[in-house]
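These notes are about the structure you will find just below.
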Amino acid sequence: MTTPPAPPDAMIPASLLARLVPLHVALAADGRVIGLGPTLQRLVRGGAVPVSVPVSVPASVPFADLFTLRRPLDLAALALGGAVEVGLHADPRHLMRGLALPLPGGGLLLVLAFVDVPAAVRDLDLTEGDFGPTDRTVDLLWLVEANAAVSGELRSLNRRLQGAQAMAQEQALTDPLTGLRNRRALEGALADHCAGVEGFALLQLDLDHFKQVNDSLGHAAGDHVLAEVARVLTQETRAGDTLARLGGDEFVVLLSGMADAARAMQVAHRITRRLSRPIPFEGQPCRIGVSGGLILSPPRTFPQPEALLRQADAALYAAKRAGRGQTVAQGWQA
Amino acid sequence: MHGLILRAIQCFLRDIWGAAFWQAIMADLRLPSQGFEAMLTYAPDLGTAVLDRAAARLNRSRDSLLEDMGTYLVSHPRRDGVRRLLRFGGPGFVDFLHSLDHLPGRVRLAVPDLVLPALHVAVLGPDRFRLTVGVAGDALATPMAPLLVGLIRAMADDHGALVMIEAEGHDTTQPLSCQGAAIRIDVLDGHHALARDFRLATPA
């Protein structure tokens, strides 16, 4: 068996090494720095000297004067070669990672790269010349910037979709004519109230003589009356109550946390009284009234929503039969 | 068609001729006035339809509009991101020209579903180049060529280089697979003026 002839030890001139590896440190056997790549020459001085200005290598400065060794722990271990991580005294924010290569005849060559490249480029004002010709770091920076642009577009698309979704949801729960909640929204709110421990009151309202207004003064007058009713309901209730129009001239008021029958009746009376006055429309008085059915659900009752609506409807029917313009109240009957 | 392309057309038309102009074009085409989303995909011929409507309203050719759009993408203050990404091509204008070879691949790295026509830069002589855009029949190659004329001209300005650029049309002497639209670029002076500032770090 013949061994192939060993290639002669190629000595790379320092100027060539500087172009190939701008981030390198050459150490003598005693641990003194005898060579620095051009980028490091600038950085060990705190970045004040641009790369284009030739700087002589600090003559035989001990390694520890310029760098903090983070891995391995000491110079003796470093001399064996292998993975290395160092920081700069001049700017300890930016760590460099790389390989220590023992040189023939003693000494070491450290080949380094920044750990957090975008931060190093930003803080140390690095340029393309600070990276070797085969170093893909600049491509990495390109990709970081391109990806930031793409994810920015995705974020803004998501924001717009989120806004559109919220708007669609709001529209799906709103009665467009009066701005009150619609039947779907009421069903949701009623289910929440029925499942909760708090007491509440459900007031079902039906306008009296609404059909006559529509027939004699036209639909515009009818729409105006409905909007006016919505305004009165809003003024006579609290901000947290649920006001819904179920279609036609039917309204429901959900009085949250209302466990007192007398107070609930007061609200109903105020509404009835105000709506007994004529509502003017284009100089013509629209005479309506309102009948109500009130069901009180005391705390910890947990009523069935459908049954509750049925009972409110029955109370409303009783009010209509008793001569309109009034509210009939009942307790929840399980 | 990729939404990024349509979005670029939208920004160009809106930033240069105004929101009302953009809305008029969308109305002509019976499309919603908010336009296109960069990260969605649309019908393949939509870009041409929008540009043709704009060209008709402005009484200009589609190619001259595309050339302006190429310039806009690099030089408009609102589009500095594109200029920056292109400046990563290298320190000088000639480095930038050579980097165009790798541009479609680069773009795919960031946006995998954005497929651009292949670009090939051939060196014809000292300071003389020919850029081939796509292959014959490549739908995007035809509009891409005039756009690149404007874009390269603006990048030459950015690098401070004095160049002559002209569209050559299809080179029928080449094998069919190489018959893309061609652009001739002559670099008269690589350092004619001061280059615009470019740093690797993203501006804050």
Side-chain angles (χ1 to χ4, degrees), chain A residues 19 22-23 38-39 42-43 47 50-52 91 93-94 113-168, chain B residues 2-8 10-11 32-42 73-74 78-96 98-114 116 159 195-204:
Chain A
R19 277 185 61 194
L23 280 179
T39 301
R42 181 167 65 97
L43 296 181
V51 184
S52 52
D91 194 337
R93 290 172 297 175
H94 299 292
F114 283 103
V115 175
D116 183 350
V117 178
V121 163
R122 184 187 61 226
D123 297 340
L124 305 173
D125 203 17
L126 301 180
T127 67
E128 269 178 302
D130 288 316
F131 301 97
T134 57
D135 187 340
R136 296 337 295 162
T137 300
V138 177
D139 296 332
L140 182 74
L141 292 170
W142 183 92
L143 200 57
V144 166
E145 207 160 312
N147 278 336
V150 170
S151 54
E153 283 293 343
L154 281 175
R155 252 198 315 280
S156 75
L157 171 60
N158 276 340
R159 251 199 315 274
R160 279 193 293 275
L161 288 179
Q162 210 169 32
Q165 192 199 18
M167 195 153 67
Chain B
H2 201 287
L4 259 177
I5 297 175
L6 290 165
R7 186 78 188 172
Q10 174 175 356
C11 291
S33 66
Q34 73 267 27
F36 306 107
E37 286 291 350
M39 289 296 139
L40 299 179
T41 305
Y42 296 88
L73 285 175
V74 171
R78 279 197 182 169
R79 298 278 89 82
D80 196 45
V82 178
R83 178 190 85 93
R84 282 192 51 80
L85 290 176
L86 290 171
R87 280 292 293 264
F88 272 99
F93 176 70
V94 171
D95 300 302
F96 158 73
H98 284 294
S99 79
L100 287 175
D101 268 351
H102 312 292
L103 184 69
R106 280 281 186 105
V107 166
R108 261 201 308 282
L109 274 182
V111 190
D113 54 345
L114 179 52
L116 296 181
H159 279 283
R196 251 179 89 188
D197 188 46
F198 171 72
R199 284 157 205 272
L200 291 182
T202 317

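The sequence lines fix the lettering, A, B, ..., with proteins before strands; numbering per chain opens at 1. Both backbone and side-chain heavy atoms feed into the values below; hydrogens, waters and symmetry mates do not.
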All inter-chain donor-acceptor pairs under 3.5 Å (chain B, chain A):
{"residue": "B:Glu37", "atom": "OE1", "partner": "A:Arg160", "partner atom": "NH2", "Å": "2.5"}
{"residue": "B:Glu37", "atom": "OE2", "partner": "A:Arg160", "partner atom": "NE", "Å": "2.7"}
{"residue": "B:Glu37", "atom": "OE2", "partner": "A:Arg160", "partner atom": "NH2", "Å": "3.2"}
{"residue": "B:Arg84", "atom": "NE", "partner": "A:Glu145", "partner atom": "OE2", "Å": "2.5"}
{"residue": "B:Arg84", "atom": "NH2", "partner": "A:Glu145", "partner atom": "OE1", "Å": "3.0"}
{"residue": "B:Leu85", "atom": "O", "partner": "A:Trp142", "partner atom": "NE1", "Å": "3.1"}
{"residue": "B:Arg106", "atom": "NH2", "partner": "A:Asp139", "partner atom": "OD1", "Å": "2.2"}
{"residue": "B:Arg199", "atom": "NH1", "partner": "A:Asp125", "partner atom": "OD1", "Å": "3.4"}
{"residue": "B:Arg199", "atom": "NH1", "partner": "A:Asp125", "partner atom": "OD2", "Å": "3.0"}

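- For A:Leu154, the parts lying near chain B are the backbone and the side chain together; criterion is any non-hydrogen pair under 4.5 Å.
- Atom CG of B:Leu85 sits about 11.5 Å away from atom CG of A:Leu141, to the nearest 0.5 Å.
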